Amino acid sequence: MAQPCLLTGDRPTGKLHLGHYVGTLQNRVRLQHDYESFFIVADIHMLTTRNAPAEIAQIDQRAREMVLDALAAGIEPDRVTFYLQSGVPEVHELAGLLQSLVTVSRLQRIPTLKEMARDADIEMPLALLAYPVLQAADILSVRANAVPVGKDNYSYVEVTREITHRFNARYGDVFPIPEVIASETPTLIGTNGQAKMSKSLNNAIYLSDSAAEVRRRVRSMYTDPARIRADIPGTVAGNPVFQYLDAFGTDRATIDALKERYATGRVGDVEVKDYLAGVLNGFLAPMRARRAHFDQPGLIEELLLMGTERVRAETQATVREVRQAMGFTGVRNRLRRRAERRMTGPSPQDQEDHAAPA
Ligand code: TRP
């Protein structure tokens with residue numbers, strides 16, 4: 001039997017950091033062996049909050065960085081199809097056909113969409129309200145069974161599931177119902193102690209950071225503010241330095257000993273941070289090697305082009321099947337054949353079209 005299918009991806013808003021890694025990337029790397037995998041660079045989704053020409057001008061560069069980040073993290077280019085959403089215009093037709101299967105009020109109740117509008121300091125654009133519908137179209141276009149995403153995206157996949165149920169109930173069993181694949185560590189705290197690591201909060205450590213950058217960022221990390229001297233007992237719980245050690249460290253005994261010494265005022269921040277910088281650089285070292293390996297002129301561009309062609313063909317086939325299932329059977333196929341006939345002369349199918357009533 002064919003492998004089940006998975007779709008995941010991000011908007012091209014910037015390079016990936018450790019939060020992305022624990023949030024979704026490690027899932028994606030693990031799952032690529034069990035699923036036929038697609039990885040979307042969702043540039044049309046980016047427009048819902050950022051549509052300035054300067055943003056659009058950066059899409060190609062950022063798409064390249066995203067793919068390189070994914071390859072560095074361990075995604076294998078012969079297992080995963082990378083593609084650019086704007087290269088698949090048929091997804092809009094699919095989204096349009098799905099729009100009747102969800103209500104405005106259902107979408108208005110999704111908190112993350114409101115937050116995105118608020119964070120971007122804009123009034124809710126129609127496209128942002130419809131964000132989950134376009135995502136549903138992405139997911140259904142390749143008939144994904146599974147969608148490994150971070151917490152922010154759970155509600156969109158939930159909308160996709162509702163739309164899919166309704167589609168199947170109304171027009172026939174065309175699509176599998178996609179499942180979210182949740183990550184074990186949903187959010188990673190920021191280097192400044194804020195709840196979430198995020199580029200816009202300027203509290204991130206990037207997968208592409210050099211060893212020196214990692215050391216610098218770790219040195220200036222937030223720890224326990226009450227601890228002004230090494231002999232004052234410190235708080236381990238909620239301390240980002242120890243959360244990172246828990247997430248990325250492998251030597252449990254050393255980490256437990258550091259926690260114990262920290263809590264009893266027997267280790268300085270600098271020693272703990274130097275240990276953490278070593279742990280993170282050890283974790284990132286194989287990624288740096290893979291990044292260097294894949295960072296060749298033209299390679300990523302070619303992967304994206306090939307992948308986009310493939311997904312476009314698949315989406316065209318899906319749209320054809322959706323139109324068929326919904327009962328839009330006639331006109332478009334006849335128009336297509338008529339256009340072909342203008343180029344190549346009449347086909348036997350055309351004769352039938354003339355004979356049969358619409
Ligand atoms: N919503 C995702 C993000 O937060 C991007 C995305 C668009 C996506 N379409 C998708 C993710 C389909 C998984 C599946 O950037």
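All ligand and atom numbering here is 1-based and tracks the order in the structure. All values derive from a computational prediction rather than experimental measurement.
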### Message
Can you list everything that forms a salt bridge (charged side-chain N to carboxylate O under 4.0 Å, His left out) with E260? Sequence neighbours excluded, please.
### Response
R266
### Task
Of all the heavy-atom pairs spanning M221 and K273, show the shortest one and how long it is.
O-NZ, 2.8 Å
#### Entry: CG-CD distance between L113 and Q108, expressed to the nearest 0.5 angstrom
10.0 Å
### Query
Rounded to the nearest 0.5 Å, how far does CG of L129 lie from NZ of K114?
10.5 Å
#### Entry: Donor + acceptor pair across side chains of T112, D152 (<3.5 Å)
no
#### Entry: Candidate pair I110 and Y131, rule side chain to side chain contact (heavy atoms under 4.5 Å, CB included), full reasoning
CA-CA 11 Å; I110 297 174; Y131 187 117; over 6 Å; no
### Task
For ligand 1, would you mind listing the residues that have at least one heavy atom less than 4.0 Å away, ordered by chain and number?
L7, T8, G9, D10, R11, I40, A42, H45, Y131, Q135, D138, I139, V147, V149, N153
